[in-house]
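Everything on this sheet refers to the single structure shown next.
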Amino acid sequence: QVQLVESGGGLVQAGGSLRLSCAASGRTLSSSAVGWFRQAPGKEREFVARITRSGTVTHYADSVKGRFTISRDNAKNTVYLQTNSLKPEDTAVYSCAAGSLTIHGYEFDSWGQGTQVTVSS
């Protein structure tokens, strides 16, 4: 079972950037697709971005497309989420998850604890 730990969150002003990291242990992350999700207080968790095992295919939520970039370095067993042009509405706890593609879509079953991103106006 893969264990995931997120880092890189913090407090930034609107328009700023943060690079979030998702470091894995217990199993090589290269065997899993990885997704980033976020959840604000009182709201449901929402999908942000995902990347395939090889890193050749990525997908983003419309709300972050063009501003966020997901990437991975399998040699370092780490997946990144570069967040640019941050907006106050991006404020949330960001979590990464490992999973795989199923007949019903991607299923993520190994989750990190999350890292807080706060964007001030």
Side-chain angles (χ1 to χ4, degrees):
Q1 185 176 10
V2 63
Q3 288 80 234
L4 304 175
V5 178
E6 302 92 340
S7 63
L11 174 64
V12 297
Q13 294 186 114
S17 301
L18 288 171
R19 189 183 73 160
L20 310 183
S21 297
C22 174
S25 63
R27 198 179 77 186
T28 56
L29 197 55
S30 62
S31 65
S32 301
V34 174
W36 280 97
F37 300 80
R38 66 187 183 186
Q39 186 170 27
K43 297 183 178 180
E44 295 182 355
R45 183 171 61 199
E46 65 176 337
F47 166 80
V48 175
R50 68 171 180 260
I51 189 167
T52 56
R53 296 180 182 183
S54 65
T56 57
V57 181
T58 59
H59 182 71
Y60 301 90
D62 288 342
S63 60
V64 306
K65 194 170 186 177
R67 299 188 297 120
F68 291 10
T69 302
I70 187 171
S71 62
R72 68 190 304 162
D73 186 340
N74 286 338
K76 295 182 178 179
N77 225 19
T78 301
V79 171
Y80 305 96
L81 183 69
Q82 179 68 45
T83 67
N84 298 327
S85 302
L86 285 163
K87 306 173 181 179
E89 51 262 45
D90 293 319
T91 295
V93 173
Y94 285 70
S95 300
C96 63
S100 60
L101 182 63
T102 73
I103 190 171
H104 300 115
Y106 280 90
E107 181 175 291
F108 297 98
D109 50 23
S110 297
W111 294 80
Q113 294 299 307
T115 185
Q116 177 71 47
V117 171
T118 303
V119 185
S120 62
S121 59

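On a predicted model such as this, the values are computed, not experimentally measured, just so you know.
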Checklist entry - If you look only at pairs with a residue in residues 44-121, which of them pass as a disulfide (SG to SG under 2.5 Å), with sequence neighbours excluded? => result Cys22-Cys96
Checklist outcome for this item: In short, side chain to side chain donor-acceptor pair (under 3.5 Å) pairs touching residues 2-14 with sequence neighbours left out are none
Item to check | Heavy-atom closest contact (Arg53 atom, Ser100 atom, distance) | outcome: NH2-CB, 4.5 Å
Item to check | Which residues share a side chain to side chain contact (heavy atoms under 4.5 Å, CB included) with Thr56, sequence neighbours left out | outcome: Thr52, Ser54
Checklist outcome for this item: The complete set of disulfide (SG to SG under 2.5 Å) pairs with one or both residues in residues 30-84, sequence neighbours excluded, reads none
Checklist outcome for this item: side chain to side chain contact (heavy atoms under 4.5 Å, CB included) filter on Ser85, not counting sequence neighbours, yields Arg67
Checklist entry - Sequence neighbours excluded, which residues qualify as side chain to side chain contact (heavy atoms under 4.5 Å, CB included) partners of Ser31? => result Arg27, Thr28
Checklist entry - Distance-only, no hydrogens or angles: does the Ser21 side chain make a donor-acceptor pair with backbone N or O of Ala23 under 3.5 Å? => result no
Next on the checklist: Test your reading of the model: is there a side-chain donor-acceptor pair from Asp73 to the backbone of Thr78, 3.5 Å cut-off?
Outcome noted: no
Checklist outcome for this item: Ala14 and Ser121 have their tightest heavy-atom pair at CB-CA, 4.4 Å
Next on the checklist: Under 4.5 Å side-chain heavy-atom separation, chaining through any Ile, Leu, Val, Met, Phe, Trp or Tyr, what else clusters with Val12? Say none if it is isolated.
Outcome noted: Val2, Leu4, Leu18, Leu20, Leu29, Val34, Trp36, Val48, Ile51, Tyr60, Val64, Phe68, Ile70, Val79, Leu81, Leu86, Tyr94, Val117, Val119
Checklist entry - Should side-chain heavy atoms under 4.5 Å link Ile, Leu, Val, Met, Phe, Trp and Tyr, which residues sit in the same cluster as Leu11? => result none
Item to check | Counterpart residues, side-chain hydrogen bond (donor to acceptor under 3.5 Å, both in side chains), relative to Gln116 (two or more places apart) | outcome: Thr118
Checklist entry - How many angstroms lie between atom OG of Ser63 and atom NZ of Lys87, to the nearest 0.5 angstrom? => result 8.5 Å
Item to check | Contacts of Arg38 that satisfy salt bridge (Lys or Arg N to Asp or Glu O under 4.0 Å) - sequence neighbours left out | outcome: Glu46, Asp90
Item to check | side chain to side chain contact (heavy atoms under 4.5 Å, CB included) against Gln82, all qualifying residues, sequence neighbours excluded | outcome: Ser17, Arg19, Thr69, Asn84
Checklist entry - When clusters are formed from ILVMFWY side-chain contacts under 4.5 Å, directly or step by step, what else is grouped with Leu101? => result Phe37, Phe47, Tyr106, Phe108, Trp111
